[in-house]
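Below: the structure, in structure tokens.
Labels below follow one simple rule: chain letters A, B, ... track the order of the sequence lines, proteins then strands, and each chain is numbered from 1. Values reported hereafter were calculated over all heavy atoms of this structure, with side chains retained and with hydrogens, waters and symmetry mates removed. Because the structure is a prediction, the values reported are computed rather than measured.
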Number of protein chains: 2
Amino acid sequence: MKIVELSGVKEIARRANVSIATVDRVLHNRTGVAQKTKEKILSIIKDMDYKPNILAKRLASKRIYKFGILIPQECSEAEYWNGPVSGIKEALSEFGDFGVEISYHFFDKKDRDSFKSQTETMLKMQLDGVIVVPVFIDETRDFAMRCSERRVQFVFIESEIPQISPLSYIGQDYYQAGRVVGNLCQYLLRPGDDVLVLNISKAPDIQESLQEKLMGFEAFLSESDVHCKVDSLDVDAKGMDEISSFLDHYLSENSVKLIYVTNSRAYMVAKYLEDRGFKHIRLVGNGYHDKNLNYLKNGYIDFLICQKPLEQGYKAFLALYEHFIAKRKVERTQYTPIDIVTKENYKYYEN
Amino acid sequence: MKIVELSGVKEIARRANVSIATVDRVLHNRTGVAQKTKEKILSIIKDMDYKPNILAKRLASKRIYKFGILIPQECSEAEYWNGPVSGIKEALSEFGDFGVEISYHFFDKKDRDSFKSQTETMLKMQLDGVIVVPVFIDETRDFAMRCSERRVQFVFIESEIPQISPLSYIGQDYYQAGRVVGNLCQYLLRPGDDVLVLNISKAPDIQESLQEKLMGFEAFLSESDVHCKVDSLDVDAKGMDEISSFLDHYLSENSVKLIYVTNSRAYMVAKYLEDRGFKHIRLVGNGYHDKNLNYLKNGYIDFLICQKPLEQGYKAFLALYEHFIAKRKVERTQYTPIDIVTKENYKYYEN
DNA sequence: CTGAAAGCGCTTACAG
DNA sequence: CTGAAAGCGCTTACAG
């Protein structure tokens, strides 16, 4: 005797002695089903360990999910931001037919208003989910609140904003990233050597991640037996001239062995070192983008601590996909690996 | 006037004035279509830039693709091999409903026959594609040939076999991996220091990748200004006793500053260093698995050069998925990143 | 509160 | 060589 078990909903309907429409109703927790019927169906679903077929679901449904992505536009680190976008496109090509529509919204990292105005347009678009690089704190907070009100899910990449709980955060553990640099220093320095930690800042917000890096860095060093002097400075430099004169001055008074740039502008220091022909100073930075890479290649930057930009985008998209389409639970915090990039391994880094 | 364009095949059929069955025939390059009809349909397909809906395709098709994976079973590096399997499972959960069936075949890395016999069972299973870690060269070659005859696609992970062309190879560029270690040595050593490169071998085959690492390592050092003495040795050690007595002897005659273990057994040297209390010798190894990690954590291993095991599995599965289901072209060689893992970044490495 | 029916964009026998 | 029809496992009006 061969009982061919019917597929999903049909089989549930058969067992419960109802129509598939009714099954569908309880499956989606819609109203209009007698309590008793509902319970019966629910228990059958449990019994069968029923898993809906996502293909059939998407094919049958007219519903299109709209996701928006808010990301810094072409700027000096432009190449970097292509990363997440590429990652999203890659994800899209793999999950493409699932009825997803993506819109990209670029803002100027130096222009608070451009961020603000992009959020306004996004709010008008009736998006289901957004991916955002929260460069401006207050504006992001406001945006997040209004998203929540409208039941728009948001995912943060790159950094987080305190007290705001996104569907998911995808980015580094910056404290630990600082420790990684500290650990490298163990090999690069000897007891007594001087270190300069530089925060070359243009943007006013998201300084927090820089602080965390610094804390991790210092914590590691204080635990280790590398007793070196760490000097941490903010340089509010607009261009190379300011950096140069600052460093000229600083280095004339301090015998620095290593400079650690806590944001993505290590290339500025590298340029300085190249201009002056200073080969004896080690340089560690953050961020995988062309300007940094050029100096990594020619040896003026020794190490770059990075996260894969493409992966961030891919995972952010996946978070929304999992939430809306696959209806699976999404991890609240997804720390990305803290990668150590050198002139010898950067080539395969994007893979 | 609102012309609602019909969806894919239907619209093609309408334009070509044929039935969708005929369209389907040319879409799949099947016989039994008049040349003229075929050309007409083909041109319409091109015109529309028609892309089949993969969801509908999989849903309608009864075809189930069967993939087999041939991978070392629990051995001393056991934890490592969970990686690819987890990766495949992860991919499966994302592409699960696409009608794929996976079978796992484990062999003993020390037992050529176990590999051989697994390939035999796999060949009987009428698989569509296989993922294999080609530990034994001749046996793999034989297996690959017979796969080709049966039109079974195969993907290599971890290493390649010369003159055999898989659908895709997913693994490291070992020459470059050796260079990465060389580059690290630049920071860890000073001119004149001695380095010992160790190949602690049990298995007879796949030595090639070790040779390539060594070449890369030496090439880098010879290009750099770190003029150190490199001694490269094979140790055919079965256990700790042999390693210990070998190292006792070697180190009594040489003042080694750094040991580079080219395969995944750095933990054996680390154990030796720990036993002897030798903290002054730096140790670099390969492979992300528990035994190595323990010594990374306690400081006896300084750096591990790794590739993400999970990612390998994921990508290998994806290669087969792309080939069979999405019908997209697959990259012949997919080099994985050469990751530098330390005690401070290993935690987030698996993410 | 419930069900019959059409449809998503394909594939697969089957009939001619 | 070609087409009509059923079906994959769901969703979505619509009717009662």
Is the charged tip of A:Arg146 near the ring of A:Phe143: under 6.0 Å from the six-membered ring centre and within 45° of its axis? no
Position toward the 5' end of DNA chain D (nearest nucleotide), A:Arg63 or B:Gly32: B:Gly32
Does a side-chain N or O from A:Ser19 land closer than 4.0 Å to OP1 or OP2 of C:dT2, or not? no
Less than 3.5 Å between a donor and an acceptor, one on the side chain of A:Arg58 and one on the base of C:dG9, is that the case here? no
Pick base, sugar-phosphate or nothing for A:Leu55, based on heavy-atom distances below 4.0 Å to the nucleic acid. nothing
Spatial distance of atom OG1 (A:Thr121) from atom NZ (A:Lys116) [nearest 0.5 Å]: 11.5 Å
When you measure from the centre of the six-membered ring of A:Tyr169, is the NZ or CZ of A:Lys315 under 6.0 Å away and within 45° of the axis? no
Name the nucleic acid region contacted by A:Asp24, choosing base, sugar-phosphate or nothing; use a 4.0 angstrom heavy-atom cut-off, strictly under. base
Lys/Arg-Asp/Glu bridge criterion (N-O < 4.0 Å) met for B:Asp173, A:Lys347: no
Could you state the CD1-C1' distance from A:Ile45 to D:dG9, rounded to the nearest angstrom? 14 Å
Report yes if at least one side-chain N or O of A:Ser61 is closer than 4.0 Å to OP1 or OP2 of D:dT12; otherwise report no. yes
Hey, does the side chain of A:Thr37 come within less than 4.0 Å of C:dT2's phosphate (OP1/OP2), counting only N and O? yes
OP1 or OP2 of C:dC1 sitting under 4.0 Å from any side-chain N/O of A:Lys38? no
Using a heavy-atom cut-off of 4.0 Å across all strands, would you classify A:Ala21 as base, sugar-phosphate, or nothing? base
If you assign each of B:Thr31 and B:Ala56 to its closest nucleotide in DNA chain D, which residue comes earlier from the 5' end? B:Thr31
Got a minute to check which stems DNA chain C is part of, using Watson-Crick or G-U wobble pairs under 3.5 Å, three or more consecutive? C:1-3 with D:14-16, C:5-12 with D:5-12, C:14-16 with D:1-3
Would you say B:Thr22 reaches D:dG3's phosphate, i.e. side-chain N/O to OP1/OP2 under 4.0 Å? yes
Is the distance from OP1 or OP2 of C:dC8 to the nearest side-chain N or O of B:Lys10 less than 4.0 Å? yes
